[in-house]
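Remarks on the structure that follows.
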2 protein chains.
Amino acid sequence: MGITKSEHFTDEQNELATLAKALGHPARIAIVQHLLKVNSCICGDIVNELPLAQPTVSQHLKELKNAGLIKGNIEGNAICYCINEEGFNSIKSFFDHINTYLENKKNQCC
Amino acid sequence: MGITKSEHFTDEQNELATLAKALGHPARIAIVQHLLKVNSCICGDIVNELPLAQPTVSQHLKELKNAGLIKGNIEGNAICYCINEEGFNSIKSFFDHINTYLENKKNQCC
DNA sequence: AATTAATATCGTAATATTGCAATATAGATA
DNA sequence: TATCTATATTGCAATATTACGATATTAATT
């Protein structure tokens, strides 16, 4: 049905899924990678970096912002984007958990 | 158009996006969390754990398997699933990069 | 061989996502 | 104020995802 039964899952599960989903498109990975590289923000530059039209990029930026993975500051008539620490911190403990698990090499099928 | 322009992005960007996308649904987060908890695998148990019908769970398991995040072993007429280290290792360096970046607190907008 | 049990696949309806042209908005500048 | 520049929003077509009933498959059990 294309409609996710969010109400049947925990808040944590829904939040992690929302964050992962926001990263689930190569354009949005590219945006995050670019922000990690140039550190301080840009926006028209992101449009120039990506092989997509300006409205499409704007939409991807909106999704990353809504998920809490990037922030945008108004700078005159331009908007400056950068990484939002909060969103990535929410993911961190999940992956820390997985890494600890994998380091202990318990992951064998039956 | 609902069709992603994968060919315009790098292999790394597409791979990370595929992995993130596979985790971009609460049911699939729940499956991974369950496998982390019970360690060795199960399958009918996963169906019982989730508030979804058996074909739906089967579909989610398939997506996680295709992404390389879980593995399945045939055990008689049952199938035993567990975490697949490889998939999660691919994500690790991306998040390590982000964590290093955030620890250096360079993330300020213009 | 027939039945049971566990899982996958098919088919389909409902909804979501992707992409962009056209247009709107808002600030800067002439 | 008119215009330019940067970004967002709207509207829509194409495609993808989600969910599940019905059915198929495969192996164990009787």
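Letters A, B, ... mirror the listed sequences (proteins, then strands); counts begin at 1.
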In this structure, how many angstroms lie between the [atom2] atom of [N] and the [atom1] atom of [X], rounded?
X: A:Lys65; N: D:dT9; atom1: NZ; atom2: C1'; value: 13 Å
X: A:Glu63; N: D:dA8; atom1: CD; atom2: C1'; value: 14 Å
X: A:Glu49; N: D:dA6; atom1: CD; atom2: P; value: 16 Å
X: A:Ile79; N: D:dT7; atom1: CD1; atom2: C1'; value: 6 Å
X: A:Leu61; N: C:dC20; atom1: CG; atom2: C1'; value: 15 Å
X: A:Gln59; N: C:dT17; atom1: CD; atom2: P; value: 10 Å
X: A:His25; N: D:dA16; atom1: NE2; atom2: C1'; value: 11 Å

The side chain of [X] lies closest to which of these nucleotides: [options]?
X: A:Cys43; options: D:dT7, C:dA6, C:dC20; result: D:dT7
X: A:Pro55; options: D:dA6, C:dC20, D:dG21; result: C:dC20
X: B:Thr56; options: D:dA19, C:dA8, C:dC20; result: D:dA19
X: A:Leu52; options: C:dG19, D:dA8, D:dA6; result: C:dG19

Separation of [Y] [atom2] from [X] [atom1] (nearest 0.5 Å):
X: B:Leu102; Y: A:Phe88; atom1: CG; atom2: CZ; result: 7.5 Å
X: B:Ile70; Y: B:Asn84; atom1: CD1; atom2: CG; result: 8.5 Å
X: A:Ile29; Y: A:Gln33; atom1: CD1; atom2: CD; result: 6.5 Å

With [X], which residues qualify under side chain to side chain contact (heavy atoms under 4.5 Å, CB included), at least two apart?
X: B:Ile79; value: B:Ile74, B:Tyr81
X: A:Ser58; value: A:Gln54
X: A:Thr10; value: A:Glu12, A:Gln13

Would you check if the side chain of A:Arg28 reaches a backbone N or O of A:Ala22 as a donor-acceptor pair within less than 3.5 Å?
->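 Yes, A:Arg28 side chain to A:Ala22 backbone: donor-acceptor pair under 3.5 Å.
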Is it true that a side-chain atom of B:Ser90 and a backbone atom of B:Glu86 form a donor plus acceptor pair closer than 3.5 Å?
->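 It does hold such a pair.
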Measuring to OP1 and OP2 of [N], would you say a side-chain N or O of [X] lies under 4.0 angstrom away?
X: A:His60; N: C:dT17; answer: no
X: B:Lys5; N: C:dC20; answer: yes
X: A:Ser58; N: D:dA8; answer: yes

Does the side chain of B:Leu52 come within less than 4.5 Å of A:Phe9's, by heavy atoms?
->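 In contact.
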Whichever of B:Gly44 and A:Pro51 has its nearest DNA chain C nucleotide further upstream toward 5' |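 Mapping each residue to its closest nucleotide by heavy atoms, the 5'-most match is B:Gly44.
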Sugar-phosphate atoms are those with a prime plus P, OP1 and OP2; base atoms are the rest. Using that split, label each nucleotide of nucleotides 23-30 of chain C B, S or - for protein heavy atoms under 4.0 Å, 5' to 3'.
-> ----BS--
Polar pairs (N or O, both sides) under 3.5 Å between protein and nucleotides 12-16 of chain C?
from: C:dA14; atom 1: N3; to: A:Met1; atom 2: O; distance (Å): 2.3
from: C:dA14; atom 1: N3; to: A:Gly2; atom 2: N; distance (Å): 3.3
from: C:dT15; atom 1: O4'; to: A:Met1; atom 2: O; distance (Å): 2.5

Can you sort out the partners of A:Glu49 under salt bridge (Lys or Arg N to Asp or Glu O under 4.0 Å), two or more places apart, ordered by chain and number?
->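 Checked A:Glu49 against salt bridge (Lys or Arg N to Asp or Glu O under 4.0 Å); zero matches.
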